[in-house]
Amino acid sequence: MAELICLDCGKMYSSNELRWKCDCGGLLDLIFQLKFDPSKINSAAHGMWRYRDAIPIDADQNILSFREGFTPLLPLQLEEGLLHVKQDHLFPSGSYKDRGASVLISKAKEIGVNRVVEDSSGNAGCAIAAYCALGGIACDIYVPASTSAGKLAQIQLYGANLHLIPGSRQDTSTAVLEASEKTYYASHSWNPFFFHGTKTFAYELWEQLSWKAPDTVILPAGNGTLLLGAALGFSELAASGCIDRLPRIIAVQSQHCAPLAAAFDNGADTPAVVDVQDTLAEGIAITNPIRGKQIIQAVSQSGGLFITVSEDEITAALLEVSHKGHYIEPTAAATIAGAKKYLNHHSRSGEVIASVFTGHGLKSTEKLLKLASEH
Ligand SMILES: *Cc1c(COP(=O)(O)O)cnc(C)c1O
Ligand SMILES: [Zn+2]
């Protein structure tokens, strides 16, 4: 059984404790020494659970799954060049957060949790609520009052108790802290099991690119739940001898909320204090990402960089992919806007570049109706 370790003081805990942070307040990661054996891939299991051996759930009977994952990898020809795009907007709850929620809520079930709390800018709340519905686990979701209506409807219809918090995303995080004193905090940013779900993004890419890692992967960075999961997955594949080098990680932030890009550009290793403004990319508008240091480290160690995108660039990317028949939410378009910039300024010929559609357009009807009427 894997153990939890504090990133600040090194204290260890059993992963079967109902615990989401260290007694010292530090972040926990999982110690999970994995030697992944590709011959153990269960191709009969169509989705992400085909990598069952790589996922730290002890007993199969605790697995909560909608047969999600193994999302199609699509060649996408943009004005600036070719991208290989994982269609993670096609998950059951409409975003890649299902990767993390499937593993995290399975673990919650395994350790006997019957009620969880979670805070989110929307999609993580949708995903946690969906898997709690599947597992018969009660669930309270805290979101900013400004969250897209589509996401609010989804959370409520899955049967979760929805708490609308006035103010910023940070105010929502503060509001959930009191609740997390008494109830298991199924946090997608604190809880390391979430990242052992999002890491399947890397495994799938590797399998779909005929057992090779891409040269470069372009991912969003708010709390970094996909970015850090992908970095974890690629490092496990490298440690298991499945790939011989790690892809470069390019992290995309909105210019209106870019504490990590600012830190990276100044050579700092923790998130910068920045002015923030409203952005179309509501899902990555994170002022103080708690795993910020890990995100900056993962990007630097991979030889990657940060790219910021403006509201106009997000809109242009959204319109371009929509006109090709892909319906994604504005937050997802921010990553594609970053990919367009990368292709324009940084890419080399022959470089294999992967990216992702993180969330479905149907979640953001109001914002997209507004854009449709303006363009
Ligand atoms: C959660 C999310 C992201 C990125 O998430 P972080 O974990 O904050 O980096 C990107 N796009 C969509 C649609 C999301 O829901
Ligand atoms: Zn500690």
Side-chain angles (χ1 to χ4, degrees), residues 4-13 19-29 86-91 93-101 118-128 143 147-148 150-151 154-155 169 173 187-191 194-195 197-199 201 218-231 249 251-254 257-261 271 279-292 294-296 298-299 306 309 314 317-318 327-338 355-364 367-368:
L4 298 166
I5 183 164
C6 173
L7 296 181
D8 287 346
C9 73
K11 188 163 178 193
M12 310 235 282
Y13 303 92
R19 165 180 291 285
W20 57 274
K21 67 174 178 186
C22 182
D23 289 338
C24 82
L27 280 160
L28 298 172
D29 265 349
K86 287 284 282 171
Q87 296 189 73
D88 275 18
H89 63 315
L90 303 181
F91 268 94
S93 86
S95 85
Y96 78 82
K97 299 288 193 318
D98 290 359
R99 294 184 187 278
E118 157 75 321
D119 62 316
S120 160
S121 58
N123 285 336
C126 295
I128 294 289
V143 298
T147 303
S148 288
K151 300 177 187 179
Q154 214 182 338
I155 291 167
R169 175 68 182 84
S173 300
S187 169
H188 61 295
S189 42
W190 281 94
N191 200 307
F194 198 88
F195 299 85
T198 52
K199 77 181 183 187
F201 177 85
I218 303 175
L219 298 169
N223 276 313
T225 59
L226 181 59
L227 189 150
L228 290 172
I249 300 175
V252 183
Q253 296 211 287
S254 160
C257 186
L260 297 169
T279 171
L280 281 166
E282 65 178 22
I284 50 170
I286 310 293
T287 324
N288 186 18
I290 53 158
R291 290 185 184 266
Q294 277 182 316
I295 299 170
I296 294 169
V299 172
F306 281 80
V309 293
I314 297 171
L318 185 86
Y327 200 49
I328 59 175
E329 65 172 290
T331 301
T335 301
I336 303 304
S355 190
V356 57
F357 289 154
T358 49
H360 204 287
L362 290 171
K363 286 171 173 279
S364 304
K367 278 186 179 168
L368 292 174

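Note that the numbering runs from 1 along the sequence shown for the chain. Ligands are counted one by one from 1 in listed order, and the atoms in each one are counted from 1 as well.
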> Given C22 and K11, is the side chain to side chain contact (heavy atoms under 4.5 Å, CB included) satisfied, shown in steps?
Replying inline: CA-CA 8 Å; C22 182; K11 188 163 178 193; 4.2 Å; yes

>> Pair R99, K199 - check side chain to side chain contact (heavy atoms under 4.5 Å, CB included), show working.
In response: CA-CA 8 Å; R99 294 184 187 278; K199 77 181 183 187; over 6 Å; no

>> E282 vs K367, test: side chain to side chain contact (heavy atoms under 4.5 Å, CB included). Steps then yes/no.
In response: CA-CA 11 Å; E282 65 178 22; K367 278 186 179 168; 3.2 Å; yes

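Closest approach of L227 to A221, counting heavy atoms only: CD1-CB, 4.2 Å. Smallest separation of non-hydrogen atoms from S355 and T335: OG-CG2, 3.4 Å.
For ligand 1, none of its N or O atoms has an N or O atom of I286 under 3.5 Å away. Ligand 1 has a nitrogen or oxygen under 3.5 angstrom from a nitrogen or oxygen of G222. The shortest N/O to N/O separation between N223 and ligand 1 falls below 3.5 Å.
Heavy-atom contacts of G359 reach the following atoms of ligand 1: 13 (C) (cutoff under 4.0 Å). Set against the non-hydrogen atoms of A221, the atoms of ligand 1 under 4.0 Å away are 9 (O). Using a 4.0 Å cut-off to heavy atoms of G224, the atoms of ligand 1 that qualify are 6 (P), 7 (O), 8 (O), 9 (O). Every atom of ligand 1 with a heavy atom of T331 under 4.0 Å away is listed here by number and element: 10 (C), 11 (N), 12 (C).
For atom 7 (O) of ligand 1, the closest non-hydrogen atom of the protein is T225 OG1, 2.5 Å. What sits closest to atom 12 (C) of ligand 1 on the protein, heavy atoms only, is T358 OG1, 3.3 Å. Looking only at protein heavy atoms, the nearest one to atom 5 (O) of ligand 1 is Y96 OH, 3.1 Å.
The pair D88-K97 does not meet the salt-bridge criterion, since no charged nitrogen lies less than 4.0 angstrom from a carboxylate oxygen. Between K151 and E329 there is a salt bridge, since at least one side-chain N of the basic residue sits less than 4.0 Å from a carboxylate O of the acidic one.
Each of Q294, H188, R291 was evaluated against F195; a single residue qualifies, R291, per the side-chain contact (heavy atoms from CB on, under 4.5 Å) test.
Vertex the Zn ion (ligand 2); arms to C6 atom SG and C22 atom SG; angle 110° (nearest 10°).
Residue contacts with ligand 1, taken as heavy atom pairs separated by less than 4.0 Å, do not involve S121 at all. At a heavy-atom cutoff of 4.0 Å, ligand 1 is contacted by the side chain of N123 but not by its backbone. Only the side chain of K97 comes within contact range of ligand 1, with a heavy atom under 4.0 Å; no backbone atom does.
Between the CD1 atom of I284 and the CG atom of L226 there is a distance of 11.5 Å, given to the nearest 0.5 Å.
Ligand 1 has I284 within reach: a non-hydrogen atom of the residue lies less than 4.0 Å from it.
Put simply, the side chain of L28 reaches to within 4.5 Å of the side chain of R19, judged on heavy atoms.
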